[in-house]
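Proteins get letters first, then strands, A, B, ... in listed order; numbering begins at 1 in each. Only a predicted model underlies this, so the values are computations on that prediction, with no experimental measurement involved. We use all heavy atoms of the structure for the numbers below, so side chains are in, but hydrogens, waters and symmetry mates are not.
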Amino acid sequence: MHEIGEPTHKRRILLADADAFYVAVARLADPEGAGKAKILVVGGSSNRGVVTSASYEARAYGVRSAMPTATARRLCPEAVFVPVPRQLCSEKSRMILETLRDLSPVVEPASIDEFYLDLTGTERLFQGEDLTATARRIRKTLKNQTGLSVSIGGGSSRLIAKLAAKQAKPRPGTDGKGVLVVAAGEELPFMERLKLADLPMIGPQFQERLASHGLKTVQDTLAVEQSRLQQLFGKKTAAWLHDRVRGLDSASVTASSPARSLSHEETFSVDLQSEQDLQREVLDLSYRVAADLRTKGLKARTVTVKIRYADFSTRQKSQTLKVPISADRPVLATALDLLRKHRKQRRSPIRLLGVALSQLSRGPSGPDQLSIFHDEVDAIMESDQDRTLSEVIDKLTGRFGKKGIRRASQLDSKRY
DNA sequence: TCTGGGGTCCTAGGACCC
DNA sequence: TCTGGGGTCCTAGGACCC
């Protein structure tokens with residue numbers, strides 16, 4: 001908040017958001033197949049998959065993201081279904097990020113296909129070019145450099161930029177032109193046209209709660225006294241809502257913050273029940289997530305094992321160690337311990353297992369400096385031998401690929 | 001034809017400490 | 001006799017986003 005006077009000038013924030021990102025990348029990955037299919041659905045290929053993204057032509061049939069693939073097939077049997085091209089998606093995302101970094105002083109990735117830019121203070125650099133013209137220039141450059149169509153929204157806050165980007169989308173049946181900038185001072189009229197459900201972070205639950213008090217649109221909410229909103233939703237939520245419906249959002253655009261967690265999870269095509277199967281999957285997930293951790297030069301203190309049962313109820317157990325780890329063995333040992341605790345509590349068929357690492361830190365993998373902990377260290381600790389073994393495995397994997405190296409099953413031994 | 005995988009942030013209770 | 005009062009860390013669950 002500015003205590004004295006008005007801000008000298010409004011911020012100039014853009015959100016660049018790739019259009020139907022997964023669909024577009026799937027077409028680049030497979031020009032002959034997916035590339036030629038107008039009605040295209042990208043998503044989980046297994047019997048239990050869901051739709052990640054659908055082409056506009058497929059959406060016309062009612063196909064939506066997060067819908068079970070089976071439902072999508074029923075709605076639209078003539079659609080072409082392809083799996084998510086994960087690697088190319090990561091590459092394209094990185095290409096967009098690098099292109100944007102050449103065009104803007106501050107770029108913050110918000111997801112695989114969304115990037116916030118703060119161009120405040122670039123007026124002179126861009127010789128007075130207005131924000132709309134800048135956005136069009138960036139859009140054109142992105143298309144040339146990455147082959148992807150990216151819509152850009154702009155305004156005085158992240159919230160306005162995000163909402164504008166959604167309206168800028170060149171969807172059939174709308175007048176989206178790929179770029180929409182809300183001029184300074186026009187925020188309120190822009191917001192007044194929206195429903196509360198259009199606002200980020202107002203999901204199904206909160207919508208329900210708002211609707212139960214007769215609040216469905218931004219205009220509904222603007223008409224309510226702040227004291228009344230406080231009665232209904234509490235001080236903090238009321239203040240948040242007050243700002244959101246006016247397009248106010250003081251959050252700044254900052255360079256990407258370090259990751260808070262890393263995880264892998266898998267839904268099995270058939271529910272798992274035997275201890276051997278479960279332990280094998282936990283081993284696989286643990287080694288994968290630990291390898292990712294080391295690739296990023298990180299260490300973790302907390303290991304979490306997530307389980308989804310056949311009835312879809314989901315439970316997680318976690319353990320925080322005194323000392324950060326990154327080697328395979330201690331990650332696996334902790335995860336197996338958590339699996340045992342889960343199984344002790346409930347032994348029923350399992351449809352999903354996940355292993356997550358959090359409490360991350362930059363980790364120089366040197367020798368331990370543990371003497372201060374004396375005897376109060378965890379039972380599970382990482383030894384120099386653990387680290388050396390993981391380093392060797394990483395090097396072999398790097399040289400021969402994941403399929404070139406296979407571990408002997410270590411689960412029979414009592415070492416864990 | 002039931003319901004992915006990868007994240008972030010928030011809350012609330014209990015442990016523990018001073 | 002009836003019950004301090006914070007602060008921080010850990011665990012579990014849940015809403016939400018793409």
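Nucleotide dG14(C) forms a pair with dC9(B), judged by Watson-Crick or G-U wobble geometry with both contacts under 3.5 Å.
Nearest-nucleotide assignment on DNA chain B puts the 5′-proximal partner with Val50(A), out of Val50(A) and Lys236(A). Take the nearest nucleotide of DNA chain C for Gln316(A) and for Arg301(A): the residue whose nucleotide is more 5' is Arg301(A).
Rounded to an integer number of Å, the gap from Phe206(A) CZ to dT11(B) C1' is 15 Å. Rounded to whole Å, the distance from CD1 on Ile307(A) to C1' on dG13(C) is 15 Å. Atoms NZ (Lys166(A)) and P (dC18(C)) sit 8 Å apart, rounded to a whole Å. The distance between atom CZ of Arg315(A) and atom C1' of dT11(C), rounded to the nearest whole Å, is 14 Å. Protein atom CD of Gln359(A) is 15 Å distant from nucleotide atom P of dT8(C), rounded to whole Å. Between the P atom of dC18(C) and the NZ atom of Lys162(A) lies a distance of 4 Å, rounded to the nearest Å. One interatomic measurement links the two molecules: NZ of Lys341(A) to P of dC10(C), which rounds to 15 Å at whole-angstrom precision. One can place CZ of Arg64(A) at 17 Å from C1' of dT3(B), the figure rounded to the nearest angstrom.
Nearest nucleotide to the Arg308(A) side chain, out of dC18(C), dG4(B), dG5(B): dG4(B). The side chain of Phe312(A) lies closest to dT3(B), out of dT8(B), dC18(C), dT3(B). When the nucleotides dT3(B), dA12(C), dG7(B) are ranked by their closest atom to the side chain of Ser263(A), dG7(B) comes out on top. Distances were taken from every side-chain heavy atom of Lys317(A) (C-beta onward) to each of dT1(B), dC17(C), dA12(C); the shortest belongs to dA12(C). For Gln205(A), whose side chain is taken as the heavy atoms from C-beta onward, the closest listed nucleotide among dA15(C), dG6(B), dT3(B) is dA15(C). When distances run from any side-chain atom of Glu266(A) to the nucleotides dG5(B), dC16(C), dT8(B), the shortest one goes to dG5(B).
Base orientation of dC2(C): anti, the glycosidic angle falling outside 90° of 0.
Taking side-chain N and O atoms only, Arg351(A) has no distance below 4.0 Å to OP1 or OP2 of dC2(B). In this model, the phosphate group of dG4(B) is not approached by any side-chain N or O of Arg48(A) to a distance below 4.0 Å at OP1 or OP2. In this model, the phosphate group of dC10(C) is not approached by any side-chain N or O of Lys322(A) to a distance below 4.0 Å at OP1 or OP2. When the side-chain nitrogen and oxygen atoms of Arg260(A) are compared with OP1 and OP2 of dT8(B), none of them lie within a distance under 4.0 Å. Taking only side-chain nitrogens and oxygens, Thr69(A) never comes nearer than 4.0 Å to OP1 or OP2 of dG4(B). For dT11(C), the OP1/OP2 oxygens have a side-chain nitrogen or oxygen of Thr320(A) closer than 4.0 Å. Listed pair His264(A) / dG6(B) meets the phosphate criterion, a side-chain N or O lying under 4.0 Å from OP1 or OP2. For the OP1/OP2 pair of dA12(C) and a distance below 4.0 Å, the side-chain nitrogens and oxygens of Ser318(A) include at least one atom meeting the criterion. Taking only side-chain nitrogens and oxygens, Thr71(A) never comes nearer than 4.0 Å to OP1 or OP2 of dC2(B).
In this structure, Arg351(A) forms no cation-pi arrangement with Tyr309(A), as its terminal cationic atom is not both closer than 6.0 Å to the ring centre and no more than 45° off the ring axis.
Tested against Glu382(A) for a salt bridge (charged side-chain N to carboxylate O under 4.0 Å, His left out), the candidates Arg301(A), Arg329(A), Lys299(A), Lys322(A) yield a single pass: Lys299(A).
Other residues, nucleotides and ligands contribute at most 12 non-hydrogen atoms within 6.0 Å of the CZ atom of Arg260(A).
Taking atom C1' on both dG4(B) and dC16(C), the two are 16 Å apart, rounded to the nearest angstrom.
As judged by a 4.0 angstrom heavy-atom cut-off over every strand, Ala110(A) is placed among residues making no nucleic acid contact.
Using a 4.0 Å cut-off between charged nitrogen and carboxylate oxygen, Glu265(A) and Lys306(A) count as a salt-bridge pair. Between Lys162(A) and Glu114(A) there is a salt bridge, since a side-chain N of the basic residue sits under 4.0 Å from a carboxylate O of the acidic one. For Asp118(A) and Arg11(A), the salt-bridge test fails: no basic side-chain N is under 4.0 Å from an acidic carboxylate O.
Note on ring orientation: taking the six-membered ring where Trp is involved, the planes of Phe206(A) and Phe233(A) are perpendicular (angle over 60°, cut-offs 30° and 60°).
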